[in-house]
Amino acid sequence: MKKRLILLITLLISYSFVYSSDSKFTTFVERKNDKLYDNGKELRFISFNIPNLHYIEDYLPFDSTNPWRLPDEFEIRDALTAIKHLNGKVVRIYVLSVRRDIDTPDIIRHVEGPGKFNEEAFKALDKVLQIANEIGIRIIIPLVDNWHWWGGPKEYASFRGKDRDAFWSDPEIISDFKKTIEFVINRKNTFTGVLYKDDKAIFGWETGNELNAPYEWTKEIAAYIKSLDKNHLVIEGRNSPDLSIEAIQDTNIDVVTTHHYRDTKSNLEKIVANQKLARGKKPYFVGEFGIVPTQEIRAIMDTIINQGLVGGLLWSLRFRNREGGFYNHYEYNKVSAYRWPGFSSGEWYNEKLILNMVREKAYQIDGKTVPMLPVPEPPVLFEFDDVSQISWQGSAGAESYIIERREEDSDEWEVIADNVDDAKYQYRPLFNDETAEFDKRYFYRIAAKNESGISDYSNIVGPVKVKFKKIVDEMENFDKVFQKDGEFKLLTYQDIRRAKEDRSRLTGKDGSYLIYKSPMNISEIKVEFFLSDDGDIKIEAGNNLDNLEEVSIDKQIFKFGKNDYNFFDAVRYTATNIPENSKFVKIIINEGVQISRVEIKYQP
């Protein structure tokens, strides 16, 4: 019996070691008066909100009809590695989503009803915490949203057939929300075996995002969180640029926070006044700021640092898509998402400058100089059999990529493209090998690079036989167009959310047309476009401009159900019955059409 007991104790110790040994953290974040400490050292931070870290709202390929999905390990690691490069230390995610009455069955939500939770959604959050422990990033978790985007008070109330405002006072609905809190705090991570209430990667629980909550509700919820979890901080999530005296005096609220947008001069004054109010009593940080000019972002960060706030979190960072490229997000026709480490396609909103500035301030708040970035890890090249559709999973911190190719019977690799970035196009193949020769078979590999050096090579893909090639026009400019006539307008930010974040589209007046010329016989034409109104396009093809014929098309329409963004219908026209020996394509448009992409397939 004694031997069995010793064996059992040994196994339990080993089990505990397995599940805790990968964490970079040895202590919880602690509060002393108006300061926070990590392992005895004062904790201050400049970092980012990553709203999609645990739950993606921006999955918008052209043919998608559901923008929601769960992140995978690659995406989470890319995001948190970016924060590590930025010296961010702390990340704030968005809220736990709640089932809405407009949701289609394929939409996953964290909370599906009173006391009913989606396991797959919470496994994604489990993975976030596992990787946060490994990389060494603390996570702030807001529990419910004031707004309707992901579901919140209205949805909790609707579960019980009651009005939204009942969320703040109705005992039954408050009990339902407490079931969510209890479930989350007592959840055991499926990857680490650690209870959330014992997980040191969690910075703290925020009562919610920008809540218009009466103080009595906040008081009750903060006390309930503390009754379940003595380890983590409780943060008031209030919708006001001003701190409340009640929260500062509440012994169950550890940290106070405010959000600041638009009028920067007024916001700076409020931040200073808030810090004066909180000084000596409660730690205070700016939970969200941004969507203002670059120098105003700098002014807010300088004020956070110089006034002695705990920290500030810029809105927002988006990460790489596991299928290649990045997720993007626009609000109010403005960019509210940055992609680390910044790219030429983001020059118009100073993406790289702002990211470098955030990194500088994140080290400055620690009193440290900014080091060089690490050399990127090797990217992962996807398998492909079409040389116009080359894509890869990129590397955190990579500014661009080198693409190399070699013929099947050769040992010599040649660089066919340099300084190719993976942020230029979203939800599209990243590279079209226009110089490949017909009937040859090629191997491909790529490497990532940044200011510090070049990664090792990716995996090798091939041999890929070149049976056809494509003219691909992403509608950035008219470089691929042989001839055009009419009144055109290139679109970037206009209607961008409704057009699935597509940053390069073309519209025009009725009867405007584009002509493309192929070097060889055309075998397929594909045009993708958005309908912002009643409209259509016509496609003609032929072997010279004097005898073009209208071609028959296969039509696909991708419609969203009822949604908050009123997405345009996405339409794909595909033509394969092309007149013999055609080398010209004419696309005639009507108003209300926004062309997204043209592909013209040709072969000998």
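Heavy atoms only: backbone and side chains are in, while hydrogens, waters and symmetry mates are out.
- Within a 6.0 Å radius of CD in Glu408, more than 12 heavy atoms belonging to other residues, nucleotides or ligands are found.
- There is a side-chain donor-acceptor pair under 3.5 Å between Thr435 and Arg405.
- Between Tyr59 and Trp68, the ring center distance fails the sub-6.0 Å criterion.
- If you look at Phe343 and Phe326, their ring centroids are closer than 6.0 Å.
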*Could you walk me through whether Lys470 and Asp386 pass salt bridge (charged side-chain N to carboxylate O under 4.0 Å, His left out), step by step?*
CA-CA 9 Å; Lys470 291 179 184 175; Asp386 175 352; 3.0 Å; yes
_Under the criterion salt bridge (charged side-chain N to carboxylate O under 4.0 Å, His left out), I'd like the reasoning laid out for Glu540 against Lys538: C-alpha separation, chi angles, the key distance, then a yes or no._
CA-CA 7 Å; Glu540 298 178 346; Lys538 185 167 70 172; 3.8 Å; yes
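- For Arg445, the salt bridge (charged side-chain N to carboxylate O under 4.0 Å, His left out) partners two or more places apart in sequence, or in a different chain, are Glu404.
- Under 3.5 Å, the side chains of Asn267 and Asp263 contain no donor-acceptor pair of N or O atoms.
- Using a 4.5 Å cut-off on side-chain heavy atoms (C-beta onward), Arg339 and Tyr327 make no contact.
- Panel note: side chain Asn450, backbone Pro374; a donor-acceptor pair is recorded below 3.5 Å.
- Glu347 and Lys352 are not joined by a salt bridge, as no carboxylate oxygen comes within less than 4.0 angstrom of a charged side-chain nitrogen.
- Listed by first and then second residue, the salt bridge (charged side-chain N to carboxylate O under 4.0 Å, His left out) pairs involving residues 457-466 amount to none (not counting sequence neighbours).
- Residues forming a salt bridge (charged side-chain N to carboxylate O under 4.0 Å, His left out) with Glu549 (at least two apart in sequence, or on another chain): none.
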_Test salt bridge (charged side-chain N to carboxylate O under 4.0 Å, His left out) applied to Lys154 and Asp101, step by step_ = CA-CA 10 Å; Lys154 177 181 181 295; Asp101 57 9; 3.8 Å; yes
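- With rounding to the nearest 0.5 angstrom, the CG atom of Leu313 is 11.5 Å from the CG atom of Leu317.
- Tyr338 places a side-chain heavy atom less than 4.5 Å from the side chain of Tyr349.
- Remark: Arg497 does not engage Asp502 in a salt bridge, criterion side-chain N to carboxylate O under 4.0 Å.
- Counting heavy atoms from C-beta outward, Ile390 and Ile446 have side chains that stay 4.5 Å or more apart.
- Side-chain polar atoms of Asp554 and Tyr573 form no donor-acceptor pair below 3.5 angstrom.
- Checking each of Arg109, Glu112, Glu57 against Ser97 for a side-chain contact (heavy atoms from CB on, under 4.5 Å) leaves exactly one that passes, namely Arg109.
- Judged purely by atom type and a 3.5 angstrom limit, Asn118 uses its side chain to pair as donor or acceptor with the backbone of Ala121.
- Residues Trp340 and Arg359 meet the side-chain proximity criterion, which asks for heavy atoms closer than 4.5 Å.
- At a threshold of 4.5 Å between non-hydrogen side-chain atoms, the residues Phe289 and His259 do not count as touching.
- Partners of Ala570 according to the side chain to side chain contact (heavy atoms under 4.5 Å, CB included) rule, which considers only residues two or more places apart in sequence or in another chain, are Phe62, Lys500, Phe530, Phe558.
- A distance of 6.0 Å separates CZ of Arg406 from CD1 of Ile460, quoted to the nearest 0.5 Å.
- Take Ser523 and apply the side chain to side chain donor-acceptor pair (under 3.5 Å) test, not counting sequence neighbours, and it matches Gln603.
- His329 and Asp58 are linked by a side-chain donor-acceptor pair at a separation below 3.5 angstrom, with hydrogens and angles left out of the test.
- For the pair Val585 and Ile522, the minimum side-chain heavy-atom distance is below 4.5 Å.
- Within the 4.5 Å cutoff, no side-chain heavy atoms of Leu514 are placed close to those of Phe482.
- Crowding of Glu451 atom CD: a count of heavy atoms from other residues, nucleotides or ligands under 6.0 Å exceeding 12.
- Judged purely by distance below 3.5 Å, without hydrogens or angles, the side chains of Lys583 and Asn521 pair a donor atom with an acceptor atom.
- Residues Glu75 and Arg322 are paired through a salt bridge, judged by an N-O separation under 4.0 Å between the basic side chain and the carboxylate.
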_Walk me through whether Tyr444 and Phe384 qualify under ring-ring contact (aromatic ring centres under 6.0 Å, His included)._
CA-CA 10 Å; Tyr444 291 84; Phe384 60 91; 5.3 Å; yes
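- Contact between Glu296 and Val292 at its shortest, heavy atoms only, is OE1-CB, 3.6 Å.
- Taking Lys449 as the reference, Asp418 meet the salt bridge (charged side-chain N to carboxylate O under 4.0 Å, His left out) condition, with sequence neighbours excluded.
- Aromatic ring centres of Tyr55 and Trp150 lie closer together than 6.0 Å.
- Using modelled atom types, one side-chain atom of Ser532 and one backbone atom of Gly592 make a donor-acceptor pair closer than 3.5 Å.
- Side-chain contact between Trp392 and Val420 is present, with heavy atoms from C-beta onward closer than 4.5 Å.
- Residues Phe560 and Phe567 bring their aromatic ring centres within 6.0 Å.
- No more than 12 heavy atoms of other residues, nucleotides or ligands sit less than 6.0 Å from atom CG of Asp385.
- With salt bridges taken as basic N to acidic carboxylate O contacts below 4.0 Å, none links Glu599 and Lys601.
- Separation of atoms CD (Glu474) and OH (Tyr425) is listed at 5.5 Å; rounding is to 0.5 Å.
- The backbone N or O of Glu434 sits less than 3.5 Å from a side-chain atom of Lys469, completing a donor-acceptor pair.
- No more than 12 heavy atoms of other residues, nucleotides or ligands sit less than 6.0 Å from atom CG of Asn577.
- Arg92 and Glu288 are joined by a salt bridge, as a carboxylate oxygen and a charged side-chain nitrogen come within less than 4.0 angstrom of each other.
- One finds no salt bridge joining Arg505 and Glu528 here, because no Lys/Arg side-chain nitrogen approaches an Asp/Glu carboxylate oxygen to under 4.0 Å.
- Checked by atom type, the side-chain pair Thr294/Asn350 shows a donor-acceptor distance below 3.5 Å.
- Taking 4.0 Å as the cut-off between side-chain N and carboxylate O, Lys424 and Glu476 count as a salt-bridged pair.
- Remark: the Asn209 side chain and the Asp145 side chain contain an N/O donor-acceptor pair separated by less than 3.5 Å.
- Taking the charged nitrogens against the carboxylate oxygens, Lys480 and Asp473 have no contact shorter than 4.0 Å, which rules out a salt bridge.
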